[in-house]
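Lettering of chains follows the sequences in order, A, B, ..., and the numbering in each one begins at 1.
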Protein chains: 2
Amino acid sequence: MCRLPASSTGITLHKMALMSAQKKSAVKANLPAHEVVYRKIRDKVLFGKLKPGQAVTIQGLVDEIQVSMTPVREAIRRLTAEGALVNQGNRRVSVPQMGAGRFAELVFARQSIEPELARLAARVIKDKEIDELAGIDQRVNAAMDAGDVSGYMQENHSFHFTLYAHADSEILLPLAETLWLRYGPLYRIICGKYGTGSMVDQHEETLQALRDRDADAAAQAILNDIEQGFEIVRTDYGWS
Amino acid sequence: MCRLPASSTGITLHKMALMSAQKKSAVKANLPAHEVVYRKIRDKVLFGKLKPGQAVTIQGLVDEIQVSMTPVREAIRRLTAEGALVNQGNRRVSVPQMGAGRFAELVFARQSIEPELARLAARVIKDKEIDELAGIDQRVNAAMDAGDVSGYMQENHSFHFTLYAHADSEILLPLAETLWLRYGPLYRIICGKYGTGSMVDQHEETLQALRDRDADAAAQAILNDIEQGFEIVRTDYGWS
DNA sequence: CGACAAAAAATTTGATCATATTATCGCCCG
DNA sequence: CGGGCGATAATATGATCAAATTTTTTGTCG
(Lines give C-alpha, C1' and ligand atoms only; values in the text may rest on other atoms or scores of the structure.)
Protein backbone atom coordinates (compact mmCIF):
# COMPACT_ATOMS: atom_id res chain seq x y z
CA MET A 1 0.00 0.00 0.00
CA CYS A 2 2.56 2.56 1.07
CA ARG A 3 5.29 3.74 -1.23
CA LEU A 4 8.16 1.38 -0.74
CA PRO A 5 11.64 2.78 -0.24
CA ALA A 6 13.45 2.54 -3.53
CA SER A 7 15.67 -0.30 -2.40
CA SER A 8 15.44 -2.12 -5.69
CA THR A 9 17.00 0.76 -7.55
CA GLY A 10 20.59 1.79 -7.09
CA ILE A 11 20.14 3.99 -4.05
CA THR A 12 23.35 4.19 -2.12
CA LEU A 13 23.89 4.93 1.52
CA HIS A 14 25.44 8.20 0.48
CA LYS A 15 22.26 9.28 -1.27
CA MET A 16 20.15 8.14 1.66
CA ALA A 17 22.17 10.35 3.97
CA LEU A 18 21.73 13.25 1.60
CA MET A 19 17.98 12.76 1.52
CA SER A 20 17.58 12.56 5.26
CA ALA A 21 19.67 15.67 5.60
CA GLN A 22 17.49 17.65 3.23
CA LYS A 23 14.10 16.47 4.39
CA LYS A 24 13.00 16.75 7.96
CA SER A 25 11.53 13.33 8.71
CA ALA A 26 13.44 10.46 7.19
CA VAL A 27 10.57 8.04 7.74
CA LYS A 28 7.93 9.54 5.51
CA ALA A 29 10.23 11.89 3.65
CA ASN A 30 9.48 10.54 0.20
CA LEU A 31 5.78 11.27 0.23
CA PRO A 32 4.50 13.24 -2.77
CA ALA A 33 3.98 16.92 -2.13
CA HIS A 34 0.27 16.75 -2.89
CA GLU A 35 -0.08 14.03 -0.28
CA VAL A 36 1.67 16.17 2.33
CA VAL A 37 -0.55 19.14 1.58
CA TYR A 38 -3.64 16.93 1.62
CA ARG A 39 -2.87 15.51 5.05
CA LYS A 40 -2.10 18.91 6.45
CA ILE A 41 -5.43 20.45 5.45
CA ARG A 42 -7.30 17.24 6.18
CA ASP A 43 -6.11 17.16 9.77
CA LYS A 44 -6.99 20.81 10.19
CA VAL A 45 -10.57 20.14 9.13
CA LEU A 46 -10.83 16.88 11.02
CA PHE A 47 -9.64 18.35 14.31
CA GLY A 48 -11.46 21.64 13.98
CA LYS A 49 -8.53 23.96 13.37
CA LEU A 50 -10.65 25.58 10.68
CA LYS A 51 -14.04 27.04 11.48
CA PRO A 52 -17.20 26.33 9.45
CA GLY A 53 -17.51 28.86 6.65
CA GLN A 54 -13.84 29.76 6.73
CA ALA A 55 -12.38 30.37 3.28
CA VAL A 56 -9.48 28.27 2.01
CA THR A 57 -7.43 29.81 -0.78
CA ILE A 58 -4.83 28.17 -2.96
CA GLN A 59 -2.36 30.99 -2.65
CA GLY A 60 -2.78 31.12 1.08
CA LEU A 61 -1.64 27.50 1.27
CA VAL A 62 1.15 28.13 -1.22
CA ASP A 63 2.50 30.77 1.15
CA GLU A 64 1.90 28.70 4.28
CA ILE A 65 3.51 25.49 3.09
CA GLN A 66 6.42 25.97 0.70
CA VAL A 67 5.15 24.24 -2.41
CA SER A 68 3.89 25.29 -5.81
CA MET A 69 0.28 25.68 -6.84
CA THR A 70 -0.14 22.33 -8.58
CA PRO A 71 0.06 20.06 -5.51
CA VAL A 72 -2.15 22.45 -3.57
CA ARG A 73 -4.77 22.38 -6.30
CA GLU A 74 -4.78 18.60 -6.31
CA ALA A 75 -5.13 18.42 -2.55
CA ILE A 76 -8.03 20.86 -2.56
CA ARG A 77 -9.85 18.94 -5.32
CA ARG A 78 -9.44 15.74 -3.36
CA LEU A 79 -10.69 17.31 -0.14
CA THR A 80 -13.65 18.81 -1.97
CA ALA A 81 -14.50 15.38 -3.36
CA GLU A 82 -14.36 13.99 0.17
CA GLY A 83 -16.68 16.65 1.55
CA ALA A 84 -14.06 18.27 3.74
CA LEU A 85 -14.38 21.46 1.69
CA VAL A 86 -17.13 22.85 -0.52
CA ASN A 87 -17.07 24.75 -3.79
CA GLN A 88 -18.90 28.05 -3.47
CA GLY A 89 -19.78 28.41 -7.16
CA ASN A 90 -17.55 31.38 -7.90
CA ARG A 91 -14.41 29.24 -7.80
CA ARG A 92 -13.78 29.67 -4.10
CA VAL A 93 -13.68 26.90 -1.54
CA SER A 94 -14.45 26.98 2.16
CA VAL A 95 -15.13 24.74 5.14
CA PRO A 96 -18.77 23.60 4.89
CA GLN A 97 -21.38 24.89 7.30
CA MET A 98 -24.00 22.73 8.91
CA GLY A 99 -27.69 23.19 9.50
CA ALA A 100 -30.35 21.00 11.06
CA GLY A 101 -31.03 19.13 7.82
CA ARG A 102 -27.39 18.34 7.11
CA PHE A 103 -26.89 17.29 10.71
CA ALA A 104 -29.79 14.83 10.49
CA GLU A 105 -28.20 13.30 7.41
CA LEU A 106 -24.87 13.05 9.17
CA VAL A 107 -26.48 11.32 12.17
CA PHE A 108 -28.23 8.80 9.94
CA ALA A 109 -25.11 8.03 7.92
CA ARG A 110 -22.79 7.62 10.90
CA GLN A 111 -25.30 5.45 12.74
CA SER A 112 -25.64 3.26 9.66
CA ILE A 113 -21.97 2.86 8.77
CA GLU A 114 -19.87 2.90 11.93
CA PRO A 115 -21.60 0.18 13.95
CA GLU A 116 -21.17 -2.12 10.96
CA LEU A 117 -17.45 -1.30 10.84
CA ALA A 118 -17.20 -2.09 14.54
CA ARG A 119 -19.04 -5.37 13.97
CA LEU A 120 -16.70 -6.42 11.15
CA ALA A 121 -13.65 -5.42 13.19
CA ALA A 122 -14.83 -7.27 16.29
CA ARG A 123 -14.92 -10.55 14.35
CA VAL A 124 -11.22 -10.50 13.50
CA ILE A 125 -9.46 -8.31 16.08
CA LYS A 126 -6.65 -9.94 18.11
CA ASP A 127 -6.08 -9.64 21.87
CA LYS A 128 -2.91 -7.67 21.31
CA GLU A 129 -4.76 -5.19 19.14
CA ILE A 130 -7.46 -4.77 21.78
CA ASP A 131 -4.72 -3.89 24.25
CA GLU A 132 -3.47 -1.26 21.83
CA LEU A 133 -6.98 0.19 21.66
CA ALA A 134 -7.11 0.26 25.46
CA GLY A 135 -3.91 2.28 25.42
CA ILE A 136 -5.45 4.81 23.06
CA ASP A 137 -8.51 5.04 25.31
CA GLN A 138 -6.21 5.89 28.21
CA ARG A 139 -4.80 8.74 26.19
CA VAL A 140 -8.35 9.88 25.39
CA ASN A 141 -9.13 9.99 29.09
CA ALA A 142 -5.87 11.73 29.88
CA ALA A 143 -6.63 14.45 27.35
CA MET A 144 -10.13 14.84 28.77
CA ASP A 145 -8.78 15.16 32.30
CA ALA A 146 -6.23 17.72 31.16
CA GLY A 147 -8.89 19.74 29.35
CA ASP A 148 -6.91 19.35 26.13
CA VAL A 149 -9.63 19.72 23.50
CA SER A 150 -7.35 19.28 20.50
CA GLY A 151 -5.65 16.24 21.98
CA TYR A 152 -9.01 14.75 22.91
CA MET A 153 -10.29 15.04 19.37
CA GLN A 154 -7.16 13.48 17.90
CA GLU A 155 -7.09 10.56 20.31
CA ASN A 156 -10.82 9.97 20.01
CA HIS A 157 -10.45 9.83 16.22
CA SER A 158 -7.53 7.47 16.67
CA PHE A 159 -9.60 5.15 18.88
CA HIS A 160 -12.43 4.85 16.39
CA PHE A 161 -10.34 4.45 13.25
CA THR A 162 -7.78 2.13 14.80
CA LEU A 163 -10.73 -0.11 15.58
CA TYR A 164 -12.38 0.33 12.18
CA ALA A 165 -9.10 -0.36 10.37
CA HIS A 166 -9.34 -4.00 11.43
CA ALA A 167 -12.57 -4.41 9.45
CA ASP A 168 -10.53 -4.77 6.23
CA SER A 169 -12.99 -2.48 4.53
CA GLU A 170 -12.21 -0.53 1.36
CA ILE A 171 -15.69 0.88 0.91
CA LEU A 172 -17.22 1.56 4.32
CA LEU A 173 -14.03 2.96 5.87
CA PRO A 174 -13.59 5.82 3.37
CA LEU A 175 -17.26 6.61 3.84
CA ALA A 176 -16.76 6.90 7.59
CA GLU A 177 -13.75 9.15 7.02
CA THR A 178 -15.75 11.58 4.93
CA LEU A 179 -18.42 11.68 7.63
CA TRP A 180 -15.87 12.54 10.31
CA LEU A 181 -14.53 15.27 8.05
CA ARG A 182 -17.99 16.78 7.97
CA TYR A 183 -18.37 16.41 11.73
CA GLY A 184 -14.97 17.77 12.80
CA PRO A 185 -15.50 21.54 12.54
CA LEU A 186 -18.87 21.36 14.29
CA TYR A 187 -17.69 19.07 17.07
CA ARG A 188 -14.67 21.29 17.75
CA ILE A 189 -16.98 24.22 18.44
CA ILE A 190 -19.07 22.17 20.84
CA CYS A 191 -16.01 20.87 22.65
CA GLY A 192 -14.64 24.38 22.96
CA LYS A 193 -17.91 25.63 24.36
CA TYR A 194 -18.53 22.97 26.98
CA GLY A 195 -14.97 21.78 27.58
CA THR A 196 -13.79 18.21 27.79
CA GLY A 197 -15.33 17.76 31.21
CA SER A 198 -18.81 17.21 29.85
CA MET A 199 -17.64 14.64 27.30
CA VAL A 200 -18.54 11.03 27.94
CA ASP A 201 -17.84 8.01 25.79
CA GLN A 202 -18.62 4.32 25.56
CA HIS A 203 -15.06 3.20 24.95
CA GLU A 204 -14.91 0.97 28.01
CA GLU A 205 -18.09 -0.80 26.94
CA THR A 206 -16.65 -1.18 23.44
CA LEU A 207 -13.44 -2.71 24.77
CA GLN A 208 -15.40 -5.13 26.94
CA ALA A 209 -17.53 -6.23 23.99
CA LEU A 210 -14.38 -6.81 21.95
CA ARG A 211 -12.83 -8.91 24.72
CA ASP A 212 -16.06 -10.91 24.90
CA ARG A 213 -15.89 -11.51 21.12
CA ASP A 214 -19.42 -10.12 20.97
CA ALA A 215 -19.69 -8.36 17.62
CA ASP A 216 -23.27 -7.22 18.15
CA ALA A 217 -22.42 -5.70 21.53
CA ALA A 218 -19.46 -3.89 19.96
CA ALA A 219 -21.73 -2.43 17.27
CA GLN A 220 -24.21 -1.34 19.91
CA ALA A 221 -21.49 0.26 22.05
CA ILE A 222 -20.24 2.28 19.09
CA LEU A 223 -23.80 3.30 18.27
CA ASN A 224 -24.23 4.54 21.83
CA ASP A 225 -20.87 6.32 21.73
CA ILE A 226 -21.85 8.19 18.58
CA GLU A 227 -25.29 9.01 19.95
CA GLN A 228 -23.86 10.57 23.11
CA GLY A 229 -21.77 12.95 21.04
CA PHE A 230 -24.76 13.88 18.91
CA GLU A 231 -26.93 14.55 21.94
CA ILE A 232 -24.74 17.43 23.10
CA VAL A 233 -24.86 18.99 19.64
CA ARG A 234 -28.62 18.56 19.42
CA THR A 235 -29.36 20.26 22.71
CA ASP A 236 -26.92 23.11 22.08
CA TYR A 237 -28.18 24.00 18.61
CA GLY A 238 -31.78 23.03 19.30
CA TRP A 239 -31.76 20.50 16.47
CA SER A 240 -34.29 17.97 17.73
CA MET B 1 -24.02 28.21 -9.45
CA CYS B 2 -22.79 27.65 -12.98
CA ARG B 3 -20.09 29.74 -14.55
CA LEU B 4 -21.70 32.58 -16.41
CA PRO B 5 -20.75 33.21 -20.02
CA ALA B 6 -18.03 35.83 -20.21
CA SER B 7 -20.33 38.50 -21.57
CA SER B 8 -18.88 41.17 -19.32
CA THR B 9 -15.48 41.00 -20.97
CA GLY B 10 -14.88 42.22 -24.47
CA ILE B 11 -15.76 39.06 -26.35
CA THR B 12 -16.60 39.86 -29.91
CA LEU B 13 -18.89 37.97 -32.23
CA HIS B 14 -15.85 36.96 -34.18
CA LYS B 15 -14.26 35.35 -31.16
CA MET B 16 -17.53 33.69 -30.21
CA ALA B 17 -17.75 32.11 -33.63
CA LEU B 18 -14.22 30.87 -33.26
CA MET B 19 -15.02 29.34 -29.89
CA SER B 20 -18.14 27.56 -31.03
CA ALA B 21 -16.23 26.26 -34.01
CA GLN B 22 -13.53 24.82 -31.79
CA LYS B 23 -15.72 23.46 -29.02
CA LYS B 24 -18.54 21.08 -29.76
CA SER B 25 -21.31 22.21 -27.46
CA ALA B 26 -21.76 25.96 -27.16
CA VAL B 27 -24.07 25.57 -24.16
CA LYS B 28 -21.67 24.18 -21.56
CA ALA B 29 -18.53 25.17 -23.41
CA ASN B 30 -17.22 27.37 -20.62
CA LEU B 31 -16.88 24.63 -18.04
CA PRO B 32 -13.39 24.36 -16.51
CA ALA B 33 -11.21 21.84 -18.28
CA HIS B 34 -10.75 19.71 -15.18
CA GLU B 35 -14.53 19.46 -14.86
CA VAL B 36 -14.87 18.30 -18.46
CA VAL B 37 -12.19 15.66 -17.99
CA TYR B 38 -13.74 14.58 -14.70
CA ARG B 39 -17.19 14.05 -16.22
CA LYS B 40 -15.78 12.19 -19.15
CA ILE B 41 -13.93 9.61 -17.09
CA ARG B 42 -16.66 9.49 -14.47
CA ASP B 43 -19.29 8.52 -17.03
CA LYS B 44 -16.98 5.92 -18.47
CA VAL B 45 -16.61 4.26 -15.09
CA LEU B 46 -20.25 4.69 -14.14
CA PHE B 47 -21.57 3.12 -17.33
CA GLY B 48 -18.96 0.41 -17.59
CA LYS B 49 -16.97 1.67 -20.56
CA LEU B 50 -13.85 0.77 -18.56
CA LYS B 51 -13.28 -2.77 -17.33
CA PRO B 52 -12.26 -3.60 -13.74
CA GLY B 53 -8.49 -3.63 -13.47
CA GLN B 54 -8.00 -1.50 -16.55
CA ALA B 55 -5.17 1.01 -16.23
CA VAL B 56 -5.85 4.72 -16.57
CA THR B 57 -2.82 6.82 -17.47
CA ILE B 58 -2.52 10.59 -17.34
CA GLN B 59 -0.75 10.85 -20.64
CA GLY B 60 -3.26 8.60 -22.31
CA LEU B 61 -6.00 11.04 -21.34
CA VAL B 62 -3.86 13.99 -22.39
CA ASP B 63 -3.69 12.45 -25.85
CA GLU B 64 -7.34 11.42 -25.95
CA ILE B 65 -8.82 14.73 -24.85
CA GLN B 66 -6.77 17.72 -25.94
CA VAL B 67 -5.84 19.28 -22.61
CA SER B 68 -2.71 19.63 -20.54
CA MET B 69 -1.62 17.40 -17.68
CA THR B 70 -2.79 19.58 -14.79
CA PRO B 71 -6.57 19.32 -15.38
CA VAL B 72 -6.22 15.60 -16.01
CA ARG B 73 -4.30 15.16 -12.77
CA GLU B 74 -6.99 17.01 -10.83
CA ALA B 75 -9.75 14.93 -12.37
CA ILE B 76 -7.93 11.70 -11.54
CA ARG B 77 -7.31 12.78 -7.94
CA ARG B 78 -10.96 13.62 -7.55
CA LEU B 79 -12.08 10.32 -9.03
CA THR B 80 -9.66 8.43 -6.81
CA ALA B 81 -11.09 10.21 -3.76
CA GLU B 82 -14.57 9.16 -4.88
CA GLY B 83 -13.57 5.53 -5.28
CA ALA B 84 -14.03 5.47 -9.05
CA LEU B 85 -10.31 4.74 -9.44
CA VAL B 86 -7.68 3.25 -7.15
CA ASN B 87 -4.02 4.03 -6.58
CA GLN B 88 -1.85 0.99 -7.22
CA GLY B 89 1.09 1.97 -5.00
CA ASN B 90 3.56 2.64 -7.79
CA ARG B 91 1.88 5.93 -8.71
CA ARG B 92 -0.43 4.39 -11.27
CA VAL B 93 -4.20 4.29 -11.16
CA SER B 94 -6.72 1.78 -12.46
CA VAL B 95 -10.39 0.85 -12.28
CA PRO B 96 -10.91 -1.04 -9.01
CA GLN B 97 -11.65 -4.74 -8.99
CA MET B 98 -14.25 -6.36 -6.81
CA GLY B 99 -14.24 -9.50 -4.70
CA ALA B 100 -16.82 -11.13 -2.48
CA GLY B 101 -15.86 -9.02 0.54
CA ARG B 102 -16.01 -5.69 -1.28
CA PHE B 103 -19.31 -6.70 -2.85
CA ALA B 104 -20.79 -7.44 0.57
CA GLU B 105 -19.75 -3.98 1.75
CA LEU B 106 -21.28 -2.41 -1.33
CA VAL B 107 -24.56 -4.26 -0.76
CA PHE B 108 -24.72 -3.12 2.85
CA ALA B 109 -23.93 0.50 2.02
CA ARG B 110 -26.37 0.81 -0.86
CA GLN B 111 -29.14 -0.86 1.14
CA SER B 112 -28.49 1.54 4.01
CA ILE B 113 -28.27 4.79 2.05
CA GLU B 114 -30.51 4.64 -0.98
CA PRO B 115 -33.83 3.69 0.65
CA GLU B 116 -33.35 6.66 2.97
CA LEU B 117 -32.78 8.96 -0.01
CA ALA B 118 -35.97 7.62 -1.57
CA ARG B 119 -37.83 8.19 1.69
CA LEU B 120 -36.65 11.80 1.94
CA ALA B 121 -37.47 12.42 -1.72
CA ALA B 122 -40.94 10.89 -1.43
CA ARG B 123 -41.88 13.41 1.25
CA VAL B 124 -41.36 16.45 -0.98
CA ILE B 125 -41.68 15.30 -4.58
CA LYS B 126 -44.35 17.02 -6.71
CA ASP B 127 -46.80 15.33 -9.09
CA LYS B 128 -45.13 16.90 -12.08
CA GLU B 129 -41.77 15.51 -10.98
CA ILE B 130 -43.26 12.05 -10.58
CA ASP B 131 -44.46 12.29 -14.18
CA GLU B 132 -40.94 13.14 -15.24
CA LEU B 133 -39.68 10.05 -13.42
CA ALA B 134 -42.31 7.96 -15.20
CA GLY B 135 -40.95 9.28 -18.48
CA ILE B 136 -37.45 8.18 -17.56
CA ASP B 137 -38.79 4.75 -16.61
CA GLN B 138 -40.34 4.45 -20.07
CA ARG B 139 -36.90 5.12 -21.56
CA VAL B 140 -35.43 2.47 -19.25
CA ASN B 141 -37.94 -0.06 -20.55
CA ALA B 142 -37.38 1.02 -24.13
CA ALA B 143 -33.64 0.47 -23.77
CA MET B 144 -34.26 -2.94 -22.18
CA ASP B 145 -36.58 -3.95 -25.02
CA ALA B 146 -34.04 -2.79 -27.59
CA GLY B 147 -31.27 -4.75 -25.87
CA ASP B 148 -29.30 -1.50 -25.50
CA VAL B 149 -27.10 -2.24 -22.50
CA SER B 150 -25.36 1.12 -22.43
CA GLY B 151 -28.60 3.04 -22.77
CA TYR B 152 -30.23 0.92 -20.09
CA MET B 153 -27.46 1.68 -17.62
CA GLN B 154 -27.62 5.41 -18.30
CA GLU B 155 -31.39 5.64 -18.03
CA ASN B 156 -31.48 3.44 -14.95
CA HIS B 157 -28.92 5.72 -13.29
CA SER B 158 -30.99 8.70 -14.36
CA PHE B 159 -34.14 7.24 -12.79
CA HIS B 160 -32.50 6.66 -9.42
CA PHE B 161 -30.63 9.94 -9.16
CA THR B 162 -33.43 12.08 -10.52
CA LEU B 163 -35.49 10.68 -7.67
CA TYR B 164 -32.73 11.06 -5.08
CA ALA B 165 -32.04 14.65 -6.17
CA HIS B 166 -35.34 15.69 -4.63
CA ALA B 167 -34.14 14.62 -1.19
CA ASP B 168 -32.17 17.90 -0.89
CA SER B 169 -29.27 15.93 0.51
CA GLU B 170 -25.69 17.16 0.50
CA ILE B 171 -24.28 14.23 2.46
CA LEU B 172 -26.17 11.06 1.52
CA LEU B 173 -26.36 11.86 -2.19
CA PRO B 174 -22.58 12.06 -2.78
CA LEU B 175 -22.25 8.84 -0.81
CA ALA B 176 -24.72 7.12 -3.14
CA GLU B 177 -22.81 8.45 -6.14
CA THR B 178 -19.55 6.92 -4.96
CA LEU B 179 -21.32 3.59 -4.44
CA TRP B 180 -22.68 3.61 -7.99
CA LEU B 181 -19.19 4.40 -9.25
CA ARG B 182 -17.99 1.25 -7.55
CA TYR B 183 -20.87 -0.77 -8.90
CA GLY B 184 -20.76 0.42 -12.54
CA PRO B 185 -17.92 -1.66 -13.98
CA LEU B 186 -19.17 -4.85 -12.35
CA TYR B 187 -22.79 -4.34 -13.36
CA ARG B 188 -21.79 -3.63 -16.96
CA ILE B 189 -20.13 -7.03 -17.17
CA ILE B 190 -23.21 -8.75 -15.81
CA CYS B 191 -25.52 -6.89 -18.18
CA GLY B 192 -23.29 -7.78 -21.09
CA LYS B 193 -23.30 -11.42 -20.11
CA TYR B 194 -27.02 -11.91 -19.57
CA GLY B 195 -28.37 -9.12 -21.76
CA THR B 196 -31.09 -6.65 -20.84
CA GLY B 197 -33.80 -9.29 -21.22
CA SER B 198 -33.10 -10.79 -17.80
CA MET B 199 -33.14 -7.41 -16.06
CA VAL B 200 -36.10 -6.61 -13.87
CA ASP B 201 -36.74 -3.53 -11.76
CA GLN B 202 -39.17 -2.17 -9.22
CA HIS B 203 -39.63 1.20 -10.86
CA GLU B 204 -43.39 0.79 -11.31
CA GLU B 205 -43.78 -0.05 -7.64
CA THR B 206 -41.62 2.96 -6.75
CA LEU B 207 -43.75 5.29 -8.86
CA GLN B 208 -46.93 3.95 -7.30
CA ALA B 209 -45.56 4.50 -3.80
CA LEU B 210 -44.62 8.07 -4.72
CA ARG B 211 -48.10 8.75 -6.09
CA ASP B 212 -49.55 7.33 -2.87
CA ARG B 213 -47.32 9.69 -0.85
CA ASP B 214 -46.13 6.60 1.02
CA ALA B 215 -42.49 7.29 1.91
CA ASP B 216 -41.96 3.93 3.60
CA ALA B 217 -43.28 2.08 0.58
CA ALA B 218 -40.99 4.08 -1.67
CA ALA B 219 -38.02 3.16 0.48
CA GLN B 220 -39.03 -0.50 0.38
CA ALA B 221 -39.51 -0.43 -3.40
CA ILE B 222 -36.00 0.99 -3.90
CA LEU B 223 -34.62 -1.60 -1.50
CA ASN B 224 -36.24 -4.35 -3.57
CA ASP B 225 -34.99 -2.79 -6.80
CA ILE B 226 -31.43 -2.76 -5.54
CA GLU B 227 -31.72 -6.29 -4.22
CA GLN B 228 -32.89 -7.67 -7.55
CA GLY B 229 -29.80 -6.30 -9.24
CA PHE B 230 -27.56 -7.75 -6.57
CA GLU B 231 -29.16 -11.18 -6.86
CA ILE B 232 -28.02 -11.62 -10.44
CA VAL B 233 -24.45 -10.69 -9.49
CA ARG B 234 -24.48 -13.01 -6.50
CA THR B 235 -25.60 -16.06 -8.45
CA ASP B 236 -23.21 -15.40 -11.33
CA TYR B 237 -20.10 -14.94 -9.20
CA GLY B 238 -21.17 -17.36 -6.50
CA TRP B 239 -20.95 -14.66 -3.83
CA SER B 240 -23.56 -15.87 -1.37
C1' DC C 1 26.65 -22.83 -29.76
C1' DG C 2 22.22 -21.69 -27.77
C1' DA C 3 19.57 -20.14 -23.86
C1' DC C 4 18.59 -18.10 -19.72
C1' DA C 5 19.44 -14.50 -16.29
C1' DA C 6 21.13 -10.35 -14.60
C1' DA C 7 22.47 -5.67 -15.45
C1' DA C 8 22.24 -1.39 -17.87
C1' DA C 9 20.42 1.79 -21.20
C1' DA C 10 16.38 3.83 -23.13
C1' DT C 11 11.70 5.04 -23.25
C1' DT C 12 7.65 5.97 -21.15
C1' DT C 13 4.94 7.94 -17.43
C1' DG C 14 4.28 10.75 -13.35
C1' DA C 15 5.38 14.93 -10.28
C1' DT C 16 6.52 19.59 -9.66
C1' DC C 17 7.33 24.16 -10.94
C1' DA C 18 7.30 28.84 -13.17
C1' DT C 19 4.60 31.48 -16.06
C1' DA C 20 0.93 33.25 -18.99
C1' DT C 21 -3.97 33.74 -19.30
C1' DT C 22 -8.51 34.57 -17.60
C1' DA C 23 -12.15 35.47 -14.52
C1' DT C 24 -13.81 37.55 -10.16
C1' DC C 25 -14.01 40.95 -6.49
C1' DG C 26 -13.44 45.47 -4.42
C1' DC C 27 -13.16 50.22 -5.13
C1' DC C 28 -13.76 54.61 -7.03
C1' DC C 29 -16.08 57.83 -9.77
C1' DG C 30 -19.91 59.51 -12.23
C1' DC D 1 -26.56 53.47 -6.53
C1' DG D 2 -24.59 51.41 -10.78
C1' DG D 3 -20.73 50.69 -14.21
C1' DG D 4 -15.97 50.65 -15.42
C1' DC D 5 -10.95 49.95 -13.69
C1' DG D 6 -7.30 47.93 -11.15
C1' DA D 7 -5.85 44.26 -7.87
C1' DT D 8 -6.04 39.58 -6.71
C1' DA D 9 -6.75 34.87 -7.10
C1' DA D 10 -7.73 30.81 -9.94
C1' DT D 11 -7.08 28.11 -14.31
C1' DA D 12 -4.28 26.13 -17.81
C1' DT D 13 0.02 25.29 -20.35
C1' DG D 14 4.72 23.81 -21.39
C1' DA D 15 9.00 22.79 -19.56
C1' DT D 16 11.86 20.24 -16.43
C1' DC D 17 12.97 16.69 -13.25
C1' DA D 18 12.47 12.06 -11.19
C1' DA D 19 10.90 7.39 -11.11
C1' DA D 20 9.43 3.09 -13.07
C1' DT D 21 8.86 -0.04 -16.72
C1' DT D 22 10.53 -2.05 -20.83
C1' DT D 23 14.04 -3.31 -23.91
C1' DT D 24 18.59 -4.29 -25.04
C1' DT D 25 22.92 -5.87 -24.00
C1' DT D 26 26.11 -8.86 -21.95
C1' DG D 27 27.95 -12.62 -19.49
C1' DT D 28 27.81 -17.26 -17.86
C1' DC D 29 26.42 -21.92 -17.74
C1' DG D 30 24.59 -26.02 -19.68
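Atoms CG (N87(A)) and C1' (dT24(C)) sit 14 Å apart, rounded to a whole Å. Atom CG in N90(A) sits about 12 Å away from atom C1' in dA9(D), given to the nearest Å. Distance CZ (R91(A)) to P (dT11(D)): 6 Å, rounded to an integer number of Å.
Residues of residues 52-64 of chain B having a heavy atom closer than 4.0 Å to DNA chain C, listed by number: T57(B), I58(B), Q59(B).
Of the possible polar contacts, none joining the S158(B) side chain to the Q154(B) backbone as a donor-acceptor pair under 3.5 Å is found.
Geometrically, R110(A) engages Y183(A) in a cation-pi contact defined by less than 6.0 Å to the ring centre and at most 45° from the axis.
F108(A) is linked by a ring pair (Phe, Tyr, Trp, His ring centres under 6.0 Å) to nothing, counting only residues two or more places apart in sequence or in another chain. Under the ring pair (Phe, Tyr, Trp, His ring centres under 6.0 Å) criterion, H166(B) pairs with no residue, sequence neighbours left out. F161(B) is linked by a ring pair (Phe, Tyr, Trp, His ring centres under 6.0 Å) to H157(B), Y164(B), W180(B), counting only residues two or more places apart in sequence or in another chain.
Here salt bridge (Lys or Arg N to Asp or Glu O under 4.0 Å) pairs that include residues 54-73 of chain A, with residues two or more places apart or in two chains, are K44(A)-E64(A), R73(A)-E74(B).
Ring centroids of F103(A) and Y237(A) are separated by 6.0 Å or more, keeping the two rings apart.
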Nucleotides 16-20 of chain C: which of its N/O atoms have a protein N/O under 3.5 Å away?
residue	atom	partner	partner atom	Å
dT16(C)	OP1	A33(A)	N	2.2
dC17(C)	OP2	S68(A)	N	2.9
dC17(C)	N4	T70(A)	OG1	3.1

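In this structure, R102(A) pairs ionically with E105(A), as a charged nitrogen and a carboxylate oxygen lie closer than 4.0 Å.
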